[in-house]
Amino acid sequence: MKQRLQERFAAAIEMLKRDGVLAPDQQVAVRFEHARQKQHGDFATNVALSLGKACRQTPRELAQLIIDALPAAPEIAKVEIAGPGFINVFLAAASQFNIVGTIRDAGNEYGRSNLGAGQKVIIEFVSANPTGPLHVGHGRGAAFGDSMARLLTATGFEVTKEYYVNDAGRQMDILAISVWLRYLELCGEQVTFPENAYQGDYIFDIAATVHREHGDRYRRPSDKLRTEIDDPDLESQLDALIQRAKILLGHEGYRYVLGVGLDALTADIRGDLEQFNVKFERWFSERSLLDDQRVDNAIQALARSGYVFERDRALWFRSTAFGDEKDRVVVRESGAPTYFASDIAYHLNKLERGFDRLIDVWGADHHGYLPRMKAALQAMEYDPDRLVVLLVQFAALYRGGEKVSMSTRAGEFVTLRELRREVGADAARFFYVQRKSEQHMDFDLDLAKSQSNENPVYYVQYAHARICSVFRQAAEKNIDTSDLGGADLSLLGESHEIALVNTLSRFPEVVENAAANYEPHRLAYFLRNLANDFHTYYNAHNFLGVAPGLRRTRLALIDATRQVLTIGLELIGVSAPDKM
RNA sequence: GCGCCCAUAGCUCAGCUGGAUAGAGCGUUGGCCUCCGGAGCCAAAGGUCAGAGGUUCGAAUCCUCUUGGGCGCGCCA
């Protein structure tokens with residue numbers, strides 16, 4: 001409807017240009033917004049206000065000229081000038097109600113658009129290190145990323161969801177040593193478990209699996225584990241322990257233990273996310289980049305740019321040339337590439353796979369990492385704007401008013417699984433996605449659990465279930481609901497019906513805005529509004545107990561409502577139950 | 001110290017990229033049909049949009065400064 005109005009007004013503007021009121025080269029964009037108050041009609045534009053100065057007219061005079069030039073249009077009932085020069089448009093009721101038919105004809109397609117025009121987008125999110133179960137902090141990224149993927153798909157992008165598995169590097173070694181030490185304990189060895197290794201119970205489970213399947217095969221005498229290291233630094237001691245383990249177990253044994261841990265945790269995370277209604281097209285291994293020399297290739301590609309140099313026997317990327325705070329190491333003194341180097345390879349790989357836009361969802365603590373990543377792309381002559389990084393702020397956790405730590409190593413976190421079991425995947429997803437991603441979020445676990453019944457998701461789902469219930473009642477009373485398409489929409493007109501229809505008609509616009517701005521929370525708010533409009537209507541009017549003609553019309557309206565609720569909930573990964 | 005993010009009702013948050021009288025949920029107070037599901041509906045109270053300047057017809061929204069909070073500044077990932 002907005003677009004229709006824009007066309008009408010553009011025609012009027014053209015007319016004024018021809019009449020010399022406006023300069024022919026004057027750039028004019030007529031923007032409409034939904035009027036907040038009823039007395040201001042349905043849509044309002046400030047075009048006369050913004051143009052007034054350019055043509056030396058007062059805004060109100062110009063508004064009048066525009067209105068006079070406006071072509072006759074059946075959808076417009078009335079046009080008014082208000083305030084300093086707003087033009088308020090009142091729509092003809094009949095043309096508004098047609099949306100009910102449009103929605104029902106479009107079915108599941110309603111709200112979809114071709115904004116993306118088939119552009120290939122890869123969205124990478126969660127990507128938590130596979131060193132422990134996901135905690136509630138990861139849940140926010142998961143809910144956000146997945147909803148974004150759904151929104152982008154609905155708006156005509158070709159979307160691939162990917163999880164980058166950080167299965168290389170020191171964190172993996174710490175995982176391996178943690179598993180192995182617990183395993184040795186099970187074998188009956190006396191070992192001191194370092195406090196900076198992974199403390200979580202899940203490590204025992206993995207160790208137990210190894211012990212059950214292989215007995216003492218990976219057992220080594222614990223006295224050989226002792227390292228003669230004076231360094232009081234716990235991290236250095238841990239590294240020394242890892243070195244001992246590699247020697248004692250041999251390459252294959254060590255790889256085995258590490259692999260068991262990695263596989264177990266990856267599988268755990270994958271299952272957890274599936275229960276959360278999040279599925280990835282691909283789990284991309286960081287190690288595979290190293291194994292296939294793609295990291296080396298990337299470093300060479302970067303070197304060809306001329307922004308790579310050697311210092312202190314390490315290889316550096318001159319990222320400061322592109323605005324980064326300092327230059328960054330890509331190959332360590334030891335010869336091992338940094339995490340940054342494999343990340344460059346990963347992003348290069350995404351570009352080579354033909355994605356037009358790379359979307360990364362990161363925790364806000366990684367924001368300092370963005371300039372160097374963009375710099376790398378720029379150095380290799382890619383447009384850095386093809387990388388879009390969406391930062392999701394931390395969710396500070398509280399339990400009984402106390403802040404809860406979320407350290408994976410210390411094993412002191414609340415898992416996503418726990419949360420899901422307490423409140424359910426639907427409530428958790430809705431709760432997460434309700435918040436704007438760049439907004440800090442206080443997550444009170446006790447509140448989230450105790451209020452599970454007051455979560456707005458139930459309010460929205462209840463609206464859907466209620467509509468389904470009305471149709472069940474209709475069936476019981478042998479009321480024919482098969483020909484809602486033939487409903488006479490001109491019978492609508494109650495204020496609650498107008499409000500509901502207006503909200504329904506805004507849905508495609510909300511989806512587009514949510515996708516274009518990477519703001520799925522808009523959809524959550526829209527759905528709450530829609531549910532509110534419906535509940536209010538439900539309370540004020542009867543659907544089944546009225547004359548057959550009106551009954552059919554109202555059923556068509558609430559059926560369209562049910563459809564939009566289903567589509568909208570689906571877009572944020574929440575179910576639309578028939579009964580609750 | 002430098003950089004990024006944030007500050008809106010008692011609490012948790014929206015505010016449609018600068019519009020008209022700043023809105024929801026929770027909590028508080030009062031009300032609702034013997035009828036399609038009361039997980040609902042209606043109403044009231046609650047605000048110096050952190051503070052101060054600036055930009056303009058017009059600012060919660062844009063700019064500067066101040067205050068207060070979160071995060072980052074590794075040859076960790």
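This one's a predicted model, so the numbers in the text were calculated from it and none came from an experiment. Chain naming here is simple, since letters A, B, ... match the order of the sequence lines and numbering starts at 1 in each.
- Considering only side-chain atoms of Asn46(A), the nucleotide from U21(B), G19(B), A20(B) that sits closest is G19(B).
- When distances are taken from the side chain of Lys436(A) to each of G40(B), U17(B), G15(B), the shortest belongs to G15(B).
- Legend: side chain to side chain donor-acceptor pair (under 3.5 Å) pairs involving residues 539-549 of chain A, not counting sequence neighbours: none detected.
- Per the geometry, CH2 belonging to Trp362(A) stands 15 Å off C1' belonging to C5(B), to the nearest Å.
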Sub-3.5 Å pairs of nitrogen or oxygen atoms, protein against nucleotides 60-63 of chain B:
none

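- Between U67(B) and A22(B), the distance separating the two C1' atoms is 24 Å to the nearest Å.
- What separates CE of Met373(A) from C1' of C4(B) is a distance of 19 Å, to the nearest Å.
- Separating the C1' atom of G74(B) from that of G69(B) is a span of 26 Å, rounded to the nearest Å.
- Put simply, the side chain of Asn513(A) and the base of U17(B) share no donor and acceptor less than 3.5 Å apart.
- For U17(B), the base adopts the syn conformation, since its glycosidic angle falls within 90 degrees of zero.
- Between His34(A) and Phe43(A), the angle of the ring planes lies from 30° to 60°, which puts this pair in the tilted group.
- The P atoms of A60(B) and G54(B) are separated by 15 Å, rounded to the nearest whole Å.
- For RNA chain B, no neighbouring residue in residues 498-511 of chain A is found when judged by any heavy atom under 4.0 Å.
- Taking atom CD of Gln393(A) as the reference point, atom C1' of G69(B) lies 12 Å away to the nearest angstrom.
- The stretch residues 522-542 of chain A comes close to RNA chain B through Arg522(A), Tyr525(A), Arg528(A), Asn532(A), His535(A), Thr536(A), Tyr538(A), Asn539(A), His541(A), Asn542(A), each having a heavy atom under 4.0 Å from the strand.
- Relative to the six-membered ring of Phe90(A), Lys78(A) meets both conditions, a distance below 6.0 Å and an angle of at most 45° to the axis.
- Using a 4.0 Å cut-off between a side-chain N of Lys or Arg and a carboxylate O of Asp or Glu, Asp343(A) and Arg372(A) do not qualify as a salt bridge.
- Taking a pair as Watson-Crick or G-U wobble with both distances under 3.5 Å, RNA chain B forms stems of 3 or more consecutive pairs at B:1-5 with B:69-73, B:10-13 with B:23-26, B:28-32 with B:40-44, B:50-54 with B:62-66.
- Judged as a side chain to side chain donor-acceptor pair (under 3.5 Å), and not counting sequence neighbours, Lys579(A) has no contacts.
- Comparing the same atom, P, in U61(B) and in A7(B) gives a spacing of 11 Å after rounding to whole Å.
- With Gln96(A) as the fixed residue, the side-chain contact (heavy atoms from CB on, under 4.5 Å) test singles out one of Leu504(A), Leu492(A), Leu91(A): Leu91(A).
- Both tests hold for Arg435(A) against Phe431(A): distance to the six-membered ring centre under 6.0 Å, angle to the ring axis within 45°.
- Among the nucleotides A39(B), G15(B), A20(B), the one closest to any side-chain atom of Gln37(A) is A20(B).
- The separation of A9(B) from A24(B), taken at their C1' atoms, amounts to 11 Å, rounded to a whole angstrom.
- The salt bridge (charged side-chain N to carboxylate O under 4.0 Å, His left out) analysis of residues 462-478 of chain A, with sequence neighbours excluded, yields no pairs.
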Kindly indicate, with the supporting measurements, whether the criterion side-chain hydrogen bond (donor to acceptor under 3.5 Å, both in side chains) is fulfilled by Thr131(A) and Gln171(A).
-> CA-CA 7 Å; Thr131(A) 53; Gln171(A) 299 301 323; 5.3 Å; no
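- Residues Ile359(A) and Leu387(A) have side chains not in contact (no heavy-atom distance under 4.5 Å, counting atoms from C-beta outward).
- With salt bridges taken as basic N to acidic carboxylate O contacts below 4.0 Å, one links Glu124(A) and Lys350(A).
- By the ring pair (Phe, Tyr, Trp, His ring centres under 6.0 Å) test, Phe430(A) pairs with no residue at all, sequence neighbours left out.
- The base of U17(B) lies outside donor-acceptor range of the side chain of Glu33(A), with no N or O pair under 3.5 Å.
- The ring pair (Phe, Tyr, Trp, His ring centres under 6.0 Å) check on Tyr432(A) picks up Phe443(A), with sequence neighbours excluded.
- Listed pair Gln473(A) / G37(B) meets the phosphate criterion, a side-chain N or O lying under 4.0 Å from OP1 or OP2.
- Annotation: side chain to side chain donor-acceptor pair (under 3.5 Å) contacts of Glu497(A) (sequence neighbours excluded): Tyr537(A), Arg554(A).
- Both Val470(A) and Phe32(A) lie close to RNA chain B; mapped to their nearest nucleotides by heavy-atom distance, the more 5′-ward contact belongs to Phe32(A).
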Close N/O contacts between protein and nucleotides 29-31 of chain B (under 3.5 Å):
none

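- Using cut-offs of 30° and 60° on the angle between ring planes, the pair Tyr346(A) and Tyr164(A) is parallel.
- In this model, a donor atom of one side chain and an acceptor atom of the other lie less than 3.5 Å apart for Gln461(A) and Asp426(A).
- In terms of phosphate contacts, Arg466(A) brings a side-chain nitrogen or oxygen within less than 4.0 Å of OP1 or OP2 of G38(B).
- For the C1' atoms, the distance linking C63(B) with C26(B) amounts to 37 Å, nearest Å.
- Remark: Arg506(A) is not positioned above the aromatic ring of Phe526(A), lacking an NZ or CZ atom under 6.0 angstrom from the ring centre and at most 45 degrees off the axis.
- Across the protein-nucleic acid pair, Phe471(A) atom CZ and G37(B) atom P stand 13 Å apart, rounded to whole Å.
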Which letter, B, S or -, goes with each nucleotide of nucleotides 72-77 of chain B from 5' to 3', with contact meaning a protein heavy atom under 4.0 Å?
-> SSSBSB
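- A salt bridge links Asp559(A) with Arg562(A): the distance from a Lys NZ or Arg NE/NH1/NH2 to an Asp or Glu carboxylate oxygen falls below 4.0 Å.
- For C49(B) and U17(B), the P atoms lie 22 Å apart once the distance is rounded to whole Å.
- Atom NE2 of His40(A) and atom C1' of U21(B) are 9 Å apart (whole Å).
- Between Glu438(A) atom CD and C71(B) atom P the separation is 18 Å, expressed in whole Å.
- No more than 12 heavy atoms of other residues, nucleotides or ligands shown are found within 6.0 angstrom of CD on Gln3(A).
- Toward the 5′ end of RNA chain B lies the nearest nucleotide of Ile87(A), the other residue of the pair Gly545(A) and Ile87(A) mapping further downstream.
- The aromatic rings of Tyr538(A) and Phe534(A) sit tilted, their planes meeting at an angle between 30° and 60°.
- Distance noted for atom P between G58(B) and G19(B): 14 Å (whole Å).
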